[in-house]
Number of protein chains: 2
Amino acid sequence: MDPALKLENQLCFRLYTASRLITQAYHPLLSKIGLTYPQYLVMMVLWENDGQKVNDIAKRLYLETNTVTPLLKRMEAEGFVKRSRGAEDGRQVIVSLTPKGRKLEQEAGCVPYKMGGAVACRSITQETAPGLFATLDDLIGHLSKL
Amino acid sequence: MDPALKLENQLCFRLYTASRLITQAYHPLLSKIGLTYPQYLVMMVLWENDGQKVNDIAKRLYLETNTVTPLLKRMEAEGFVKRSRGAEDGRQVIVSLTPKGRKLEQEAGCVPYKMGGAVACRSITQETAPGLFATLDDLIGHLSKL
DNA sequence: CATCATTATATCGTTCACGATGCAAATATA
DNA sequence: TATATTTGCATCGTGAACGATATAATGATG
């Protein structure tokens, strides 16, 4: 058979699988603090810079607003964020952290460290990680312009 | 703020984003032949080896059967595969290609080549791809044993 | 042989992703 | 200023993922 159609020659399958498995590894840590992985990403965006528009968050995460909107509604229902209409531009929705959402940053602080241990393997070390990051950033930059 | 909680220091976010964007790049090619990306993965498993159990397919793709079962039912409804109870073991379900499913392999042959061009970038070339594959395989092997 | 545990798959509920579409606010144009 | 276009977000429908649970067939144990 055509070797190009073999699973072992697929970059996409590797990325898809690695992404799913690493997200699964996050699950027990994140469920302790009441977040899903995509919600954790939104929180990181807001911890870095509170009070952003839906579109800003979506762009930062390379997602569409139709994915982010329901995500934010669930997070608002959980009391992590507040959504309010923009003052100057009535179309915009500004998302800001609640005190509960701000406080969660401390509880989340241990997550990257615990995950660092889980991810560390022969191929991914302090030395090799930057190169891998650069490769993935290059790929993401390339794909996001297609 | 804690730099470990910054998006730019996250391996998982890069894998998640790269996986989504590359899957999106597959979309126009796959929709032409009537497949979604996960369905394309199942087809690759079956083209390589027809007549496998649900569990074999799930294991090969690092998925759970509760993901694969509905996937296969949709693929059966589309006429790509046939599901039949195992002869010796009545619990097993054997998945085999229909003529339509087998014929699809030829139509899918162009997909990897077209995608190769879309993925090629400074960081991912004929020389660097094997190293990246090995790193991801190592990570996947590591994570799948957690 | 009866009962219990295991295995293989399926069902259910929730949360993403995302294409397509809708809608209202803002802006551009006539 | 009326109309058309664009922009920002939301809604809808479908297809994954996946934890939890169910069901039926097989295998093991008493």
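Treat the numbers as computed from the prediction; the structure is a model and nothing was measured. Chain naming here is simple, since letters A, B, ... match the order of the sequence lines and numbering starts at 1 in each.
- Looking at the side chain of A:V54, the nearest of the listed nucleotides C:dT9, C:dC16, D:dA10 is D:dA10.
- Of the residues in residues 12-24 of chain A, those placing a heavy atom less than 4.0 Å from an atom of DNA chain D are A:Y16, A:R20, A:Q24, in numerical order.
- For A:E48, the salt bridge (Lys or Arg N to Asp or Glu O under 4.0 Å) partners two or more places apart in sequence, or in a different chain, are A:R60.
- Straight-line distance from the CD atom of A:E88 to the P atom of C:dA24: 22 Å, rounded to whole Å.
- Here the side chain of B:R85 is nearest to one of D:dC9, C:dA10, D:dA16, namely C:dA10.
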Under the side chain to side chain contact (heavy atoms under 4.5 Å, CB included) rule, what do A:L46 and A:I57 come out as? Steps first, then yes or no, please. CA-CA 8 Å; A:L46 292 173; A:I57 298 171; 4.0 Å; yes
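- How far CG of A:L5 is from CG of A:L7: 10.5 Å, rounded to the nearest 0.5 Å.
- When side chains are defined from C-beta on, A:L63 does not count as touching B:T17, because their heavy atoms never get closer than 4.5 Å.
- A heavy atom closer than 4.0 Å to some atom of DNA chain D occurs in A:T65, A:N66, A:T69, A:K73, these being the qualifying members of residues 57-79 of chain A.
- Applying the side-chain contact (heavy atoms from CB on, under 4.5 Å) test between B:T135 and each of A:T128, A:T135, A:I124 identifies A:I124 as the sole match.
- The residues A:D89 and A:K53 are annotated as not salt-bridged, no charged nitrogen and carboxylate oxygen being separated by less than 4.0 angstrom.
- In terms of polar N and O atoms assigned as donor or acceptor, the side chain of B:R91 never comes within less than 3.5 Å of the base of C:dT9 in a complementary pairing.
- Under 4.0 angstrom from either OP1 or OP2 of D:dA16 there lies at least one side-chain N or O belonging to B:Q39.
- Side-chain atoms of A:R74 never come within 3.5 Å of backbone atoms of A:Q39 as a donor-acceptor pair (strictly under, hydrogens ignored).
- The distance from atom CG of A:L30 to atom C1' of D:dC18 is 15 Å, rounded to the nearest whole Å.
- Both B:H27 and A:Y37 lie close to DNA chain C; mapped to their nearest nucleotides by heavy-atom distance, the more 5′-ward contact belongs to A:Y37.
- For the pair A:D89 CG and C:dA24 C1', the computed distance is 11 Å after rounding to whole Å.
- Contact annotation: the side chain of A:E107 never approaches that of A:K32 to less than 4.5 Å [non-hydrogen atoms, C-beta and beyond].
- Rounded to whole angstrom, the span from the OH atom of B:Y26 across to the C1' atom of C:dA17 amounts to 18 Å.
- In the hydrophobic clustering of this structure, A:Y16 groups with B:V111; members are Ile, Leu, Val, Met, Phe, Trp, Tyr whose side-chain heavy atoms approach within less than 4.5 Å, directly or through other members.
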